[in-house]
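What follows is a set of notes on a single structure, which appears directly below.
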Amino acid sequence: MTEIATMPYCQDANAVPQHMLNNKGLRRILFTTPHKEEQPSNSAGIADTTQPQPPRISEQRGITAAAVLPEENWRLHSATTQRFITSKKWEGVVNRIDTDNEIFFAQLNELNAANTIEEDAELPINDVAEDDLELFKEGAIFFFSVGYRISEAGAHERSSRIRFQRLPKWKEDDIIDAHNKAKQIINKIKLE
Amino acid sequence: MTSPIATPPKSDEIEISLFGPGKGEALVIHIGAGKWVIVDSCVSDPSGSPTPLQYLDSIGVDIKTDVLMIVASHWHDDHTRGLSTIVNKCINATFVCAGAMVKDKFATLGQVYAKSSLKDKSGICEFSRIHSILAERGATVRRAYKNRPLLKRNSSETGLNFNFLLESLSPTDEAEELCIKQISEVISKLEAQRCVPDITPNILSVVLQIVSGSDSILLGSDLENHTEHGWCIVVNDKIRSQSKSLAYKVAHHGSVSGHNDQVWSTMLEDGTIALLAPFCCGRHRIPGAEDIKRIKTLTTNAYITTNHNKSLRSRNFPPDVKRTLGDAGIKITPTLKSKGHIRLRFAPNKPDTRRVDLFNGALKL
């Protein structure tokens, strides 16, 4: 079944933080296809690894040893016009982050599928949006969608996106309640 | 005609059945006279039914009366999936786990995460369901710790010609204290947590030793090496039975972190029967090539529940989805769900009766 996300990005529950918007109020959106990082080359066109390398965006973003997209591969999109049509959507759990290979492993369950299908996925770390980085850790829940972005002019572009689940913050009272309930349960179990 | 897999063991035979679907493992143990112990749980069927129960049902075991004990070696997801169903159905079985798993601090984590969408995915939440079942029943939980006899059956009681003992060799009190301390720290930071945190559970793993007559078997759970709380404690333990084991459920899926040379040299017979269940998550697969090489130098009798290195084909996605995934370098493959089963049977004190049978894709390393 095709799901149409009619809500523009800026009105999403995962609202775009101010620092993600440029001076025109537009949001930078990461291209979903991974690109090789360009290296400085010598006159023969061979990559020169002796030259100082610019800081990797991944390092700026706090991902150790992860490859990154060069700035020119970031695009500007109007935050108010973009739509995303979902062809398939999964719920996933991050199982392992492999910064050496710039990927993370996850277990996926397709949402809205007739039968439960468990799948393993390897996804590029670069596809994690900057404002999701604080949530990106082993054990975290995310949603992975494949579909089309539709521009204001109506152009369709195949795309995928990863959004991490934002749980309501637990309050101290929630934790006290959980502790009291846990105590009640454990007190009914005898230990030997 | 009954298939070989559906044949129950003889009354005087010990059986160790290891199931490993690819991610997860469970052991089903016949302790003699038609009685059984289940260690951990996994699921290899789309129905979600726990593999140990499916197997016992297939050989005609009455799980309500004949499963005497359920051991949860630790709370990791790959060892607990379906365990609450087993606890719920095996109403006469004594539940065994490390003491830290039945402390209110650990249960608090379960209560918190039970409200999130992690409820079906985390071993902490599986434990939370077990706590509720046991509390409702007013059950008694037997704590496993170093050198604790968990289940004894004398020959006078069973009418068999051997005594049976199931003993836990870990964890230590210190490992439990460390774990509870870590859980307390996690709870103090819970407001900021968005996923189940890693709480070094592998030093809490319950290692088991079975002694039946003059034969013993070592079940290594997921115990790893640790300077103070890991395998060194078990290896240097002078109180445990010093007899060498004829079979070993290799610790932590055969990983190097679970390997200890002294276990092989001091606790296992030469040519011990090594039983392995792999751990697969995408390309991350244990045991790796080096692990397999190491294990094969230590014994020629190593078996694994499934060929975990076989490549799986992704399902048939619509062409546009397939192209998008390909362009983005995203690989999605079905989770390996083997029904692989290694079965060791033997009559205690009779070495010539030892027999390993492999079913549903299990193979020799």
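Just so we're on the same page: letters track the sequence lines, and every chain starts at 1. These figures come from a predicted structure and were not determined experimentally. Excluded from the calculations below are hydrogen atoms, water molecules and symmetry mates; all remaining heavy atoms, backbone and side chain alike, are included.
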From the list A/Asn180, A/Val146, A/Asn187, A/Leu108, the residue making the most non-hydrogen contacts under 4.5 Å with chain B is A/Val146
Between B/Trp75 and B/Phe106, what is the ring plane arrangement, given parallel below 30°, perpendicular above 60°, and tilted in between?
tilted
Donor-acceptor pair between B/Glu126 and B/Ser84 side chains, under 3.5 angstrom = yes
Under 4.5 Å to a heavy atom of chain B? For A/Ile189 that would be both
So, the part of B/Arg137 with a heavy atom under 4.5 Å from chain A: the answer is neither
Salt-bridged, B/Glu176 to B/Lys146, with N to O below 4.0 Å?
-> no
Greatest number of non-hydrogen atom pairs under 4.5 angstrom with chain A, of B/Arg148, B/Arg143, B/Lys337, B/Arg142, falls to B/Arg142
Honestly, the part of A/Gln107 sitting under 4.5 Å from a heavy atom of chain B is side chain
Heaviest contributor of heavy-atom pairs below 4.5 Å to chain B, chosen from A/Ala121, A/Ala182, A/Ala106, A/Gly147, is A/Ala182
Note to self: So that I can tick it off, tell me whether A/Glu119 and B/Arg315 are bridged by a salt bridge, with the cut-off set at under 4.0 angstrom between side-chain N and carboxylate O.
What the structure shows: yes
Whatever's closer than 4.5 Å to a heavy atom in chain A on B/Lys103 counts as backbone
Of the listed B/Val102, B/Thr94, B/Leu134, the one with the largest count of heavy-atom pairs under 4.5 Å with chain A is B/Val102
**Asked** Looking only at side chains, do A/Ser160 and B/Thr324 share a donor and an acceptor under 3.5 Å apart?
**Response** no
Tell me whether A/Lys88 is salt-bridged to A/Glu110, with the criterion being a basic N under 4.0 Å from an acidic carboxylate O. yes
